[in-house]
Number of protein chains: 2
Amino acid sequence: MAAKYDSIAADLRRRIQTGEWSPGARLPNEEPDLTTEYKVSLNTLRRALDLLVSEGLIDKRQGIGNFVRPARQRTRRTTERYQWEKDRVHLPESERRATGATEQDTGLSPADLAFAVEYGTEAANVELAEAFGVAAGTRLLRRVYRTGKKGEGAPLGESTSYLLYDMVSANPDLLFAENEPWPGGTMHQLSTVGIEIDHIVDEVTARPPTADEIDRLEIPPGVAVIALRKTSVDTTGRVVEVADIVWPGDRTTLVYTTQLKRWQP
Amino acid sequence: MAAKYDSIAADLRRRIQTGEWSPGARLPNEEPDLTTEYKVSLNTLRRALDLLVSEGLIDKRQGIGNFVRPARQRTRRTTERYQWEKDRVHLPESERRATGATEQDTGLSPADLAFAVEYGTEAANVELAEAFGVAAGTRLLRRVYRTGKKGEGAPLGESTSYLLYDMVSANPDLLFAENEPWPGGTMHQLSTVGIEIDHIVDEVTARPPTADEIDRLEIPPGVAVIALRKTSVDTTGRVVEVADIVWPGDRTTLVYTTQLKRWQP
DNA sequence: GAGTGGTCTAGACCACTGT
DNA sequence: CAGTGGTCTAGACCACTCC
């Protein structure tokens, strides 16, 4: 015999999916409307609603009500993007300025894209020092990028990029957020200090969001995030950028294509 | 002011991480031990424990107790694996038999690896038919693989592979689970009916586990799974295999390396 | 201030596990 | 059967949002 909260969740799921409440619409009050309708206590009803929250079906807003979660902008990030970024570096600035990598991933036009960036410096902790192959404490330039769709409160994702400060300070323009968005992106920025990327390693995991990410990305507690550690290696074998990128798992797809060598005929 | 259940969860987290209870050890009873210690009601205490479950820190076993979750075997699956699989197809059977792809990912020896497979046929639903580019209802060979570490109850992951039945039935050996594990794996199986893989597309998302996956992979509710749709395309451009692979998000890392073309000097 | 969701309590009874 | 976690209730009070 299924638990009451399970049956209620299943019924609410069905009512949402059949469109009884359209996306963005407010659900009936927990108390007294839904508790009366389902003849359960408030605790039991809220347990059912918690399930729907963890599935990303509804949003709870304290003091306001519960809402059917509208479908959000999805991100589809393909591996071709890296070669695309690299090819773009040698285009004239006007072409580089026209569109960025995030537009590629989302299909959004530059006008619909919301963009925010913060620059800062920090000393490398043990983990980052190991990723770069430098001593702990080495000065790093940390840049945090948040991109999203205008009108949607939450960003689509958040990227924290680390560069070796002494490596990029050869071009002081690279040290200030005022120069963002930089036409041609990080690969072009690095090219101004003589760096060419040879290959990029992506390490992908899924995990529960941290409390911070729940706030900033508006991820319902219980929905997972995809966490990507991107390591860029230049043509001399040096690690030149380490970036940690986080997306809501339920609206992000990463696409990787592996080309295989032909067997000899 | 943090909620009580949050503070209690933070304290229990700390006590687990400092080793007050070692992995596998049983926690004190919810009632009366922990409720008395933290001076809260049972509901509040259980809410704190639910947080730890969703973080994968503890296991709850009804009728027995709560246990510190032991660290599990991790999987690290690299993109080089596909070329490795392809190169192996033309090795003599003795070498192909010696080790398989999962050993590569996990670092386990063949002796430590638990392996189970089920074969069946089904009619392609709309979604699979589209992936293959065939008509809905086309007969498919469905193969479900579960691999894990001997002694750990739960598999490390579960892979559901679909092949076009009429394509592989040219070699009847490919239709029966009794021939598994097949030395050289799927790429070798396909080579016996004249198929060479040209490239593979991986699409990665994260999502909450289904009720089934919670049981079979022993994923704590609230911990995410990584879901990978792997599409193999042969040298004539045909989609020849579609596989849906699911791993627990908290102990799987996927690694993808992208080699970029050099700029001209 | 009215109305909403968020937290917490005390206590009852059920379901599962091992002896 | 005893002991454990699982579900559920009724009611109290707090915190946030909007008018």
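Letters A, B, ... are given to chains in the order of the sequence lines, protein chains preceding strands, and every chain is numbered from 1. This is a predicted model, so every value here is computed, not measured. Values below: all heavy atoms of this structure, side chains included; hydrogens, waters and symmetry mates excluded.
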Check the distance between [N]'s [atom2] and [X]'s [atom1] and give it to me in whole angstrom.
| X | N | atom1 | atom2 | value |
| --- | --- | --- | --- | --- |
| A:L45 | D:dC8 | CG | C1' | 13 Å |
| B:L42 | C:dC13 | CG | C1' | 13 Å |
| A:I58 | C:dG5 | CD1 | P | 10 Å |
| A:D50 | C:dT7 | CG | C1' | 12 Å |
| B:L34 | D:dG5 | CG | C1' | 12 Å |
| B:R47 | D:dG5 | CZ | C1' | 18 Å |

- prompt: C:dT7, D:dG5, C:dT9: which one has an atom nearest the side-chain heavy atoms of B:K60?
  reply: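 Shortest atom-to-atom distance from the side chain points to D:dG5.
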- prompt: Among all residues two or more places apart in sequence or in another chain, which pass the side-chain hydrogen bond (donor to acceptor under 3.5 Å, both in side chains) test with A:E127?
  reply: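 Only A:R229 meet the side-chain hydrogen bond (donor to acceptor under 3.5 Å, both in side chains) criterion with A:E127.
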So, OP1 or OP2 of [N]: does either fall under 4.0 Å of a side-chain N or O from [X]?
| X | N | value |
| --- | --- | --- |
| B:T44 | C:dT9 | yes |
| B:K4 | C:dT9 | yes |
| A:Y5 | D:dT7 | yes |

query: If we ignore angles and hydrogens, is there a donor and acceptor under 3.5 Å between the side chains of B:E180 and B:Y119?
result: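 Per modelled atom types, B:E180 and B:Y119 side chains form a pair under 3.5 Å.
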- prompt: Any chance the side chains of B:S161 and B:E241 put a donor and an acceptor closer than 3.5 Å?
  reply: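 A pair is found: one side chain offers a donor N or O, the other an acceptor, under 3.5 Å apart.
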query: For A:E118, which of A:R146, A:R143, A:R142 qualifies under side-chain hydrogen bond (donor to acceptor under 3.5 Å, both in side chains)?
result: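 Among A:R146, A:R143, A:R142, the one that satisfies the side-chain hydrogen bond (donor to acceptor under 3.5 Å, both in side chains) with A:E118 is A:R146.
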- prompt: So does B:N43 reach the base of D:dT9 with its side chain, donor to acceptor, closer than 3.5 Å?
  reply: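 By the distance-only test, yes, there is a pair.
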Test item: A:T36 side-chain N/O and A:P32 main-chain N/O as donor-acceptor pair under 3.5 Å: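 Side chain of A:T36 to backbone of A:P32, a donor-acceptor pair under 3.5 Å: yes, one is there.
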query: With distance as the sole test, does A:S22 use its side chain to make a donor-acceptor pair with the main-chain N or O of A:G19 at under 3.5 Å?
result: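 Such a contact is absent between A:S22 side chain and A:G19 backbone.
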query: Does the pair B:R14/B:D11 count as a salt bridge with the N-to-O cut at 4.0 Å?
result: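 Salt bridge present between B:R14 and B:D11.
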Shorter than 3.5 Å, N or O on both sides, protein versus nucleotides 1-4 of chain C: list them out with atom names.
residue, atom, partner, partner atom, Å
C:dG3, N2, A:G63, O, 3.3
C:dT4, OP1, A:N29, ND2, 2.8

